[in-house]
Amino acid sequence: MARLKERYNSEIAPALKEKLGLGNIMQVPKLGKIVVNMGLGEAPTDGKVMESALKELAMITGQKAVITRAKKSIAAFKLRAGQAIGCKVTLRGDRMYEFLDRLINVAIPRIRDFRGVSLKAFDGFGNYTLGIKEQIVFPEIDYDDVYKIGGMNIVFVIEHSSGREASMELLRELGMPFARP
């Protein structure tokens, strides 16, 4: 079992139940999945960008990435429907907790001029989105092998959330370094 998952089950969930005043342990917010997405604007013109991104995303997450395709044609961007424009990975279970553990303890501290992640990135349902500007903050990526430096979006989907405060409390307990307001 992943270290962070074990800690959630033994320490964090009971503490959140008490802190949020919930009657049942099943009402406690929990992490449902993490979606890591890389949008590649250059992919339609340069095929090597997509190859490189798929390989790097698989190395970072430990799971094979899926190619995302354009839904509509947009002439201004020289984009046709069905063209490959990005890649994503959906993590669940132990892999999700392993990735979160590496993200919080290894990758985020390597970000230059880091002052904490934004508190404003919660949506109306309690989910949290984090943007990273460079994939090289992950130690799995060798800087010399990177074809093009690019960013990624990481979405934390939180189940049983009763809003922003409960989700924020869960992520704070898991170790997410939020910026001070």
Exercise. Are Leu91 and Val157 connected in the hydrophobic side-chain network, where two residues link if heavy atoms are under 4.5 Å apart?
Worked result: no
Exercise. If you take all heavy atoms of Glu173 and Arg7, which pair is closest and at what distance?
Worked result: O-NH2, 2.8 Å
Exercise. Do Leu130 and Leu103 come close enough that some side-chain heavy atom pair is under 4.5 Å?
Worked result: yes
For this session: Would you kindly confirm whether Ile154 and Phe114 end up in one hydrophobic cluster when ILVMFWY residues are joined by side chain heavy atoms under 4.5 Å apart?
Result: yes
Problem set entry | Atom of Leu40, atom of Cys87 and distance for their closest heavy-atom approach | CD1-SG, 4.4 Å
Exercise. Heavy-atom distance under 4.5 Å between the side chains of Val89 and Arg95, does that happen here?
Worked result: no
Problem set entry | Heavy-atom check, side chain of Val155 versus side chain of Asn37, under 4.5 Å | no
Exercise. In the single-linkage hydrophobic clustering (I, L, V, M, F, W, Y; side-chain heavy atoms under 4.5 Å), do Leu100 and Val106 co-cluster?
Worked result: no
Exercise. Out of curiosity, Arg102 CZ to Thr61 OG1, how far, rounded to the nearest 0.5 Å?
Worked result: 8.0 Å
Exercise. Rounded to the nearest 0.5 Å, how far does CD1 of Ile25 lie from NE2 of His160?
Worked result: 11.0 Å
Exercise. Roughly how far apart are Glu165 CD and Lys19 NZ, rounded to 0.5 Å?
Worked result: 13.0 Å
Exercise. Ala121 and Thr129: which non-hydrogen atoms are nearest, and at how many Å?
Worked result: CB-O, 3.0 Å
For this session: Starting at CG of Leu16, measure out to CD of Glu169 and round the result to the nearest 0.5 Å.
Result: 6.5 Å
For this session: Locate the shortest heavy-atom distance separating Ser10 from Pro14; write the atom from each residue and the value.
Result: O-CG, 3.6 Å
Seminar exercise, completed: Here the gap from Met38 atom CE to Thr68 atom OG1, rounded to the nearest 0.5 Å, amounts to 11.0 Å
Exercise. Just wondering, more than 12 heavy atoms not from Arg172 lying within 6.0 Å of its CZ?
Worked result: yes
Exercise. Is a side-chain N or O of Asp101 found less than 3.5 angstrom from the main chain of Ile104, in a donor-acceptor match?
Worked result: no
For this session: Evaluate side chain to side chain contact (heavy atoms under 4.5 Å, CB included) for Met26 paired with Asn24, printing each intermediate quantity in order.
Result: CA-CA 5 Å; Met26 298 303 283; Asn24 189 342; 3.8 Å; yes
Seminar exercise, completed: Closest heavy-atom pair, Val28 versus Tyr8, reported as atoms and distance to 0.1 Å, is CG1-OH, 3.7 Å
Exercise. Is it true that a side-chain atom of Thr90 and a backbone atom of Val35 form a donor plus acceptor pair closer than 3.5 Å?
Worked result: no
Problem set entry | Closest non-hydrogen atom pair, Ala65 against Leu54 | CB-CD2, 3.6 Å
Exercise. Side chains of Glu56 and Ser52: do they bring a donor and an acceptor to under 3.5 Å?
Worked result: yes
Exercise. For residues 162-181, which residue pairs qualify under ring-ring contact (aromatic ring centres under 6.0 Å, His included), counting only residues two or more places apart or in two chains?
Worked result: Tyr128-Phe178
For this session: For residues Phe156 and Leu170, determine if any side-chain heavy atom of one lies less than 4.5 Å from a side-chain heavy atom of the other.
Result: no
Exercise. Can you tell if the side chain of Val137 reaches within under 4.5 Å of the side chain of Ile108, non-hydrogen atoms only?
Worked result: no
Problem set entry | Shared hydrophobic cluster for Ile111 and Met176 (ILVMFWY, side-chain gaps under 4.5 Å) | yes
For this session: Indicate yes or no: at least one non-hydrogen side-chain atom of Val36 is less than 4.5 angstrom from one of Phe99.
Result: yes
Problem set entry | Check: Asn127 side chain, Ile158 main-chain N or O, donor-acceptor pair, under 3.5 Å | yes
Exercise. What distance do Lys5 atom NZ and Asp94 atom CG have between them, rounded to the nearest 0.5 Å?
Worked result: 4.5 Å
